[in-house]
Number of protein chains: 2
Amino acid sequence: MAINHNEKSTGANAASAAVGWQAQKSASTRQLIIEAAIKCLVDLGYARTTTTVIAAKAGLARGAMLHHFPSKIGIIRAAVDYLHAKRLRAFRKAMAKEPGAGADHVRMGVEGYWAHVKHPWFVAFFEMAVAARTDKELAAILFPAQEAFEHEWYQASLELFPEWKRKGENFVLGFDLSRYVLEGMAISFLTHKETERDKRVLRYLEEKLRELAGEDR
Amino acid sequence: MAINHNEKSTGANAASAAVGWQAQKSASTRQLIIEAAIKCLVDLGYARTTTTVIAAKAGLARGAMLHHFPSKIGIIRAAVDYLHAKRLRAFRKAMAKEPGAGADHVRMGVEGYWAHVKHPWFVAFFEMAVAARTDKELAAILFPAQEAFEHEWYQASLELFPEWKRKGENFVLGFDLSRYVLEGMAISFLTHKETERDKRVLRYLEEKLRELAGEDR
DNA sequence: CTTGAAACAGGATGATTTGACTGTTTTTTA
DNA sequence: TAAAAAACAGTCAAATCATCCTGTTTCAAG
């Protein structure tokens, strides 16, 4: 298990001595717990993501986990932040793969976000979003984080697709349309299988995005 | 909401006499329980829809409810069938309001399904669909019902919008596109508020549907 | 008017889940 | 080296849930 934790409190002082081994181990255990919680969200759903199964999936005793996260909501809070960072980073990375000026940004964007909404990270976020509808405590954690995510995601898109910059409203429309179509498709697959018809919707979406990129309105 | 079981002495026909008051009362109590369960799904989500709160919301003792539905999954099964029938009937009714040949079927369809996905019946179905992702027993009940619903819904759309009949693939594409956009929008509103931008997406969808209805491809 | 069946009520039981609690091992620091 | 701090382990009680069970009231056929 790679340690690879975020150096949260290492200031400007001595390089590695400042971060003791315990702190590193603690951080890695925290990440282990967070990733176990996300796996539980994907495999079992929010309701059955209990502290018992999180600890089991992390390979820890329940008491040990409660040492790092005294309450369940603390794990959820950490998972929300973790997913926020991971999803945004993955999106930027996928979009930055083809920096060429002649790259097909429309196809890249559609396929990139299509892959995104089928990724376990989106599934985990989605489980929490649905639960938050009827759970005020979860909503208080998730909504501000999601608002920040959407803002940063929008800014990243503007940055990565510079040719859209002058399009103004068309960019916003294409952005929103893509989001709703792709999220709607992904979520519809909860109850039915993907068919050839769905591929036609994706092709049609790309076609309309190209129109929006070409015209001025 | 009208239970329609008060006909115990007014009908006085062989039909109503054969049914018997007990059977009618039983049926009305069953419906009361089903509707209470749906309210719980909307208000509390699937996970917190327990037999205790269903009975409380129905105004019954738990033992009384267990007499009509020996198990929780039985209530869920009945609620799935109830929602199936109600949603389909409501869709047909809303679409049939303007039978004129000059009616704006595109706007009617978009606004009709937009209203549909914001209705509590869709919310209740959606809660079960999400739970079914990680609950095999629920999935075994919901998926066949949903498959039947989608087929009947598609047939009803073909029937109600006869001018699309000759369009073939364009009808299928418009049907799928509308579905994904509108469901995606409705579900996105779990985590953020509706804005002016979303109305533009709806107008754009209508515009594209008109194109699809007009052209042949 | 008696009797059986169904509607209705509510307690008992066993299984889970959460957070608090005490005890043990490992690491850091004085 | 010795003490303090942190990581880790496991048990406990309270609360909640689904189901099973027995008892009471209401209806309808004989």
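The sequence lines fix the lettering, A, B, ..., with proteins before strands; numbering per chain opens at 1. From a predicted model like this one, the values you see are computed outputs, not experimental measurements.
- Look at CD1 on A/Ile76: it is 11 Å from P on C/dG19, rounded to the nearest Å.
- Going from atom OH of A/Tyr46 over to atom P of C/dT17 covers 14 Å, rounded to whole Å.
- Without hydrogens or angle criteria, A/Asp198 side chain to A/Thr195 main chain gives a donor-acceptor distance under 3.5 Å.
- The distance from atom CD1 of A/Ile33 to atom P of D/dA7 is 10 Å, rounded to the nearest whole Å.
- Each of B/Ala61 and A/Gly63 lies near DNA chain C, and the nucleotide nearest B/Ala61 is the one positioned closer to the 5' end.
- Between A/Phe175 and A/Trp153, the distance separating the two ring centers is shorter than 6.0 angstrom.
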Output one line per pair: protein atom, nucleotide atom from nucleotides 15-19 of chain D, and distance, for all N/O pairs under 3.5 Å.
unit_1: D/dA18; atom_1: OP1; unit_2: B/Lys72; atom_2: NZ; d: 3.0
unit_1: D/dA18; atom_1: OP2; unit_2: B/Thr51; atom_2: N; d: 2.8
unit_1: D/dA18; atom_1: OP2; unit_2: B/Thr51; atom_2: OG1; d: 2.8
unit_1: D/dT19; atom_1: OP2; unit_2: B/Lys72; atom_2: N; d: 3.0
unit_1: D/dT19; atom_1: O4; unit_2: B/Arg62; atom_2: NH2; d: 3.3

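- Cation-pi geometry between B/Lys72 and B/Tyr46 is met: the NZ or CZ atom falls under 6.0 Å from the ring centre, inside 45° of the normal.
- Distances shorter than 4.0 Å separate none of the side-chain N or O atoms of A/His67 from OP1 or OP2 on D/dC8.
- Spacing between atom CD1 of A/Ile75 and atom C1' of C/dT17 amounts to 13 Å, rounded to whole angstrom units.
- Between A/His68 and D/dA6, a side-chain N or O to OP1/OP2 separation shorter than 4.0 Å is absent.
- Between its two ends, the helix from C/dC1-D/dG30 to C/dA30-D/dT1 turns its axis by 10°, counting five pairs per end and rounding to 10 degrees.
- Counting non-hydrogen atoms of neighbouring residues, nucleotides and ligands closer than 6.0 angstrom, the CD atom of A/Glu137 reaches no more than 12 such neighbours.
- Not less than 6.0 angstrom separates the ring centroid of B/Tyr154 from the ring centroid of B/His151.
- The shortest side-chain heavy-atom distance between B/Tyr82 and B/Gln31 falls under the 4.5 Å cut-off.
- Judged purely by distance below 3.5 Å, without hydrogens or angles, the side chains of B/Arg62 and B/Thr51 never pair a donor atom with an acceptor atom.
- Heavy-atom neighbours of A/Glu194 CD from other residues, nucleotides or ligands within 6.0 Å: above the threshold of 12.
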